[in-house]
Every structure is written in structure tokens, then in C-alpha cells.
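Worksheet: the structure to be examined is printed underneath.
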Amino acid sequence: RAKEDGRGTHRFFEREMDQQVQRRREMELDLRRAFASSEFELHYQPLIDVASDKISGFEALLRWPHPEKGMISPAEFIPLAEEIGLIVPLGEWVLRDACNEAAKWPSEIKVAVNLSPVQFRSRNLVQVVISALANSGLAPKRLELEITESVFLAETEANLAILHQLRELGVSISLDDFGTGYSSLSYLRSFPFDKIKIDRSFVKDLAKRSDCGAIVRAISGLGRSLNITTTAEGVETTEQLDWLRAEGCNEVQGFLFSGARPAAEVGQLLFRFGARASRAA
Ligand code: C2E
Ligand code: MG
Ligand code: MG
Ligand code: MG
């Protein structure tokens with residue numbers, strides 16, 4: 001009896017596995033089809049300068065309005081796009097589209113673009129950035145590239161060299177999702193980041209948990225002493241905003257201001273919040 005139950009369970013898992021493989025294969029084909037038919041969109045979320053309460057830039061965030069399944073979150077499709085290598089051409093499209101869009105905005109407004117570690121492996125990342133800037137006419141100082149520390153997990157030396165080349169172009173480099181990795185602090189020593197983005201998980205429980213407060217305070221202080229801008233992600237309440245302001249966080253991003261909106265709404269957002277005037281020299 002027990003033996004039979006075991007075999008039954010085994011068969012059940014096999015069936016589950018087949019279904020998973022099947023689903024993955026379908027999504028893979030769907031992703032390739034979507035890319036080929038230009039189904040992806042970029043939406044833009046404002047980054048708010050805390051001192052002036054105005055917009056300093058926008059983060060470009062991928063959106064997949066699926067014809068049958070509705071909006072699919074990047075958290076769902078980016079891992080697979082990375083696995084099948086589609087993130088390389090998709091990421092190139094993101095860079096070009098974001099630069100073209102930002103070139104139409106007021107000249108003090110920046111655009112932030114997320115980069116996948118897989119794009120670093122593609123080897124022509126620097127060339128792609130040079131070309132996206134040249135074709136759009138966007139000034140390099142208006143482009144911020146966001147990476148996570150996963151970029152340092154493999155091929156560290158090669159990737160550091162690429163980061164240095166990117167910075168030499170005049171673009172800035174942000175360390176995204178700071179605090180969620182394994183040894184974030186050591187990365188601050190290996191590369192001169194322009195910005196640290198404090199992960200949403202620490203901002204979320206600021207008011208409720210004193211440890212989150214302590215961590216955010218420590219990261220802001222670190223940014224201040226290393227002369228790195230600190231941006232808090234996922235700001236949803238005025239309570240969090242007041243807290244972050246008091247701790248000297250430079251920039252905030254979150255639903256309290258706005259979620260990511262289609263490119264056509266950037267003008268309205270700038271009108272609503274105002275554009276931060278360029279800092280006087
Ligand atoms: P991320 O770069 O850390 O982007 C911030 C995420 O937080 C976005 O999720 C944004 O919509 C969300 N968010 C912003 N404010 C709030 C808030 O107040 N509350 C909550 N709950 N969430 C907030 P999204 O758009 O789903 O993107 C998820 C991740 O997908 C991004 O995290 C980024 O790692 C990745 N991603 C998005 N677009 C791209 C892209 O073009 N290329 C690559 N390689 N990755 C991308
Ligand atoms: Mg990001
Ligand atoms: Mg982030
Ligand atoms: Mg994040």
C-alpha cells in the first residue's frame with residue numbers, strides 16, 4: 001500500500017513538472033513573440049528631490065500589456081527574459097526608448113534605466129549606451145544606470161571595467177535595492193557609485209520597526225559621508241516621507257507621489273509636481 005502511494009505521489013510530481021515545463025515554454029514563446037511585435041512599453045515613475053519637493057527625474061520601468069492576460073509585472077517576466085537571453089535585445093530597446101523619450105523632457109530632468117547583469121555579459125553594453133545617447137541627443141549626465149549587486153556576483157573584474165567605461169561616458173551609476181544582498185557594504189568600496197537606492201523593504205516598516213529605522217538612518221549617514229545621493233524606494237505615506245527627510249535622505253520614489261505612468265503622462269506629472277531647477281553651480 002505504502003509503495004503504491006509512493007508511486008502515485010511520484011507520478012503526481014512528474015505531471016506537475018511537465019506542466020511547469022510546458023508553462024515555461026509557452027511563456028518563452030510568448031515573450032519572443034511580444035518582443036518581435038513591439039508589445040512592451042516603458043512607464044515612468046517620478047523621483048522626487050526631498051529638499052525642493054520637485055521632480056529630479058523618472059525611472060523607466062518595463063510593462064508588458066499582454067493581449068489576453070492583462071498587464072504582466074516585470075518581476076514575472078524579467079527572470080525568464082534573462083534566462084533565455086532575450087533581456088539583451090530587450091534591454092537595448094529599453095535604453096534607446098528611454099533616451100529618446102527623455103530627450104523631449106526639460107533639460108534638468110534625468111532618466112534612470114535598470115540594467116540586468118546578463119547585459120554586462122553581452123559585451124557590447126558600452127557601445128549600446130554610446131549609441132543610445134548619440135541617436136537621442138540626450139546629454140550623458142541626464143542618464144542614470146541602475147544596477148544591483150548581482151552584477152558583482154560573477155565576472156566581477158570584467159563587470160567593474162565595464163562600469164568604469166560607462167562612467168567615463170558621463171552617465172551616473174546607481175546601486176539599486178541596496179541592503180537586500182549579501183555584503184552590500186563591500187561594493188561601495190569597489191566602485192564610486194553616484195547613488196544608493198534604499199530597498200523598499202526597509203522603508204515599508206519604518207514607522208513600525210525600529211530596526212528598519214536604524215538601517216535607513218545608517219545608509220543615509222553612509223551616503224552623506226561618502227558623498228553619494230541616497231534615494232528611498234517605495235515611499236507610500238507622509239509619515240515615511242517625514243521620517244526620511246529628517247534622516248537626510250536626498251530623494252524619494254513611491255506611490256505617495258505617483259506610480260509608474262505611461263510616457264504620455266510625464267508632462268502632466270511635471271506640471272503637477274514641478275521640475276527641480278538645476279542646482280546652481
Ligand atoms: P526596481 O528597479 O527596484 O523598481 C522599483 C519597483 O518598485 C517598481 O516595480 C515600482 O513600480 C515599485 N514601486 C515604486 N514605488 C512603490 C511603492 O510606493 N510601493 C510599492 N509597493 N512598490 C513601488 P516594477 O515596475 O514592478 O519593477 C520590478 C523590478 O523589475 C524593478 O525593480 C527592476 O528590478 C525590474 N525592472 C523593471 N524594468 C526593468 C528594465 O527595463 N530592465 C531590467 N533589467 N529590469 C527592470
Ligand atoms: Mg530600479
Ligand atoms: Mg529599486
Ligand atoms: Mg527594489
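Throughout, residue positions are numbered sequentially from 1 according to the sequence presented. Note that ligands are numbered from 1 as they come in the structure, with each ligand's atoms numbered from 1 the same way.
- Checked against C249 for a side chain to side chain contact (heavy atoms under 4.5 Å, CB included), the options I196, I219, T230, T229 give a single hit: T230.
- Nearest heavy atoms, I109 versus A275: CD1-CB, 3.6 Å.
- If you look at D176 and ask which of its N, O or S atoms sits nearest the Mg ion (ligand 2), the answer is OD2.
- Near V94, meaning under 4.0 Å from one of its heavy atoms, ligand 1 places the atoms 41 (O).
- Considering just the N/O/S atoms of D177, the one nearest the Mg ion (ligand 3) carries the name OD1.
- Considering just the N/O/S atoms of E59, the one nearest the Mg ion (ligand 2) carries the name OE2.
- Ion pairing between a basic and an acidic side chain is recognised when a charged N comes within 4.0 Å of a carboxylate O; R217 and E247 show such pairing.
- Between atom CD1 of residue I55 and atom CD of residue Q45 there is a gap of 10.5 Å, rounded to the nearest 0.5 Å.
- A donor-acceptor pair under 3.5 Å is formed between the side chain of R142 and the backbone N or O of A102.
- In summary, the atoms of ligand 1 found under 4.0 Å from a heavy atom of P74, numbered by their order in the structure, are 24 (P), 25 (O), 26 (O), 27 (O), 28 (C), 30 (O), 37 (C).
- Rounding to 10°, one obtains 90° for the angle at the Mg ion (ligand 2) between OE1 (E146) and OD1 (N114).
- Of all the listed residues (F40, F255, W93), F255 holds the heavy atom that lies closest to atom 16 (C) of ligand 1.
- When the heavy atoms of T180, I78, L95 are ranked by distance to atom 39 (C) of ligand 1, first place goes to I78.
- Across K197, R200, E233, H43, heavy-atom proximity to atom 6 (C) of ligand 1 is greatest for R200.
- In this structure, F40 and F77 have tilted ring planes: the angle between them lies in the 30° to 60° band.
- At a 3.5 angstrom cut-off on N or O pairs, N114 counts as close to ligand 1.
- One distance of note links CZ of R261 with CD of Q268; it measures 8.5 Å at 0.5 Å rounding.
- Counting heavy atoms closer than 4.0 Å to ligand 1, residue T148 contributes nothing at all.
- Within E233, the N, O or S atom at minimum distance from the Mg ion (ligand 3) carries the name OE2.
- Checked by atom type, the side-chain pair T180/D177 shows no donor-acceptor distance below 3.5 Å.
- Note on D18 versus R15: no salt bridge recorded, every NZ/NE/NH1/NH2 to OD/OE distance being 4.0 Å or above.
- Heavy atoms of G91 come nearer than 4.0 angstrom to ligand 1 in no pair at all.
- Numbered from 1 in the order shown, with element, the atoms of ligand 1 that lie under 4.0 Å from a heavy atom of G254 read 15 (N), 18 (O).
- Contacts between D176 and ligand 1 below 4.0 angstrom, taking non-hydrogen atoms only, involve the side chain exclusively.
- The contact set between ligand 1 and R63, taken as ligand atoms under 4.0 Å from a residue heavy atom, comprises 11 (O), 24 (P), 25 (O).
- Between T148 and D176, the side chains place no donor N or O within less than 3.5 Å of an acceptor N or O (distance only, hydrogens not considered).
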